[in-house]
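All ligand and atom numbering here is 1-based and tracks the order in the structure.
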Amino acid sequence: MTDVAPSDSMPFSRALAPALDWRAACASTNSELVARAADAPDLAVLATDTQTAGRGRLDRVWSTPPGSALAVSVLVRHEGAPDPHRLGWLPLVAGVAMVRAVRALGVADARLKWPNDVLVESGPAPGKLSGLLTELTPHGVVIGAGLNLTARADELPVPTATSLVLQGLAAEEAAVDRALAAYLEQLLPLVAQWRSVPRPADLRGIVEPELGTLGRAVRVDRPGAAVLIGIASGLDDDGRLLVRPADTTEPTIAIAAGDVTHLRYE
Ligand code: ATP
């Protein structure tokens, strides 16, 4: 049995990624592309609108009702050992691609929450619209993204989630082929830019303008360290989040991993 779609499906997306591997259903696009990374070509794209075992960071679950969300993974191959300084920027660049994509689809208020959630924080249905998960393999980085398209509030897995339709788009405006094409249209040139900028820190100018986290009061739950409350003040040369502690006698801290929560001022 095969669930591979005919090559005339997903025309907008296929115009950007002719070898698109579109599935009627897939357990986890990231798990499958990670498993195939040794043999898959550079910029291989695997996507579905029915992901049945989606994953988030730290073994968290990404869950979506069948047919209501885009799940897409893209392999960015590397030859030899990747530059760790450049590597740190790739999840952020992918998040920028998703923010620009959903904005192009009509969600004006979408912003990136460091490192790579796409949130809408105002309006009648605030929440997380998209989550990204990048995974390193010996052959390249797999960039996974989940984007809620048509789910209604009572269909979403957590009250903190939102979807394109909840942001006011009509179902046809939130169609999976349109959404995937909008993402690939942004991601592919940004990956090329990520590869070619002379210094990885040059990517700061691309990422910071989309980052809703900057200037915000944040809480950072770090593995094995005390909770940090402070103001997110910028990105360092490796894409780490700089947080100025509320206790001003403490030095600014660069966060590489950790759960960042945007705090409200009230
Ligand atoms: P958080 O969203 O709490 O900041 P995170 O960035 O670590 O956490 P991810 O690993 O990207 O999150 O995604 C997993 C989390 O996303 C889950 O723990 C759940 O709270 C949330 N989630 C799961 N499915 C969806 C969905 N379809 N839409 C929005 N959020 C979801």
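Look at Glu121 and Arg216 and you find a salt bridge, because one of the NZ, NE, NH1 or NH2 atoms lies within 4.0 Å of a carboxylate O, short of that distance.
The ligand atoms of ligand 1 that sit less than 4.0 angstrom from a heavy atom of Pro157 are 24 (N), 25 (C), 26 (C), 27 (N). Distances below 4.0 Å separate heavy atoms of Asp117 from the following atoms of ligand 1: 1 (P), 2 (O), 4 (O), 6 (O), 11 (O). The ligand atoms of ligand 1 that sit less than 4.0 angstrom from a heavy atom of Thr64 are 27 (N).
Nearest non-hydrogen protein atom to atom 17 (C) of ligand 1 is Val61 O, 3.4 Å. If you check which protein heavy atom lies closest to atom 8 (O) of ligand 1, you get Arg60 NH1, 3.5 Å. With hydrogens left out, the protein atom closest to atom 10 (O) of ligand 1 is Arg57 N, 2.5 Å, a heavy atom. The nearest heavy-atom contact from the protein to atom 31 (C) of ligand 1 is Trp62 CZ3, 3.4 Å. In terms of protein heavy-atom proximity, atom 4 (O) of ligand 1 is nearest to Lys113 NZ, 3.0 Å. Regarding atom 29 (C) of ligand 1, its nearest protein heavy-atom neighbour is Ala161 CB, 3.3 Å.
Put simply, the side chain of Asp49 never gets that close to the backbone of Pro66: no donor and acceptor are under 3.5 Å apart. Under the 3.5 Å distance criterion, the side-chain polar atoms of Ser73 are matched with a main-chain donor or acceptor of Asn30. Judged by distance alone, with hydrogens and angles left aside, the side-chain atoms of Arg111 form a donor-acceptor pair with the main-chain N or O of Pro209 at under 3.5 Å. The backbone N or O of Ala69 sits nowhere less than 3.5 Å from a side-chain atom of Asn148 that would complete a donor-acceptor pair.
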Checking salt bridge (Lys or Arg N to Asp or Glu O under 4.0 Å) for the pair Arg86/Asp202: CA distance, chi angles, key distance, verdict? CA-CA 10 Å; Arg86 198 168 293 263; Asp202 294 341; over 6 Å; no
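Between the CZ atom of Arg178 and the CG atom of Leu105 there is a distance of 6.0 Å, given to the nearest 0.5 Å. Expressed to the nearest 0.5 Å, how far CG of Leu90 lies from NE2 of His78 amounts to 10.5 Å.
Contact annotation for Ser63 and ligand 1: only backbone heavy atoms (N, CA, C, O) come within less than 4.0 Å of the ligand.
Closest heavy-atom approach to atom 20 (O) of ligand 1 within the set Leu129, Asn148, Val158, Val118: this belongs to Val158. One option in Lys128, Gln51, Arg55 has a heavy atom closer to atom 11 (O) of ligand 1 than any other, and that option is Lys128.
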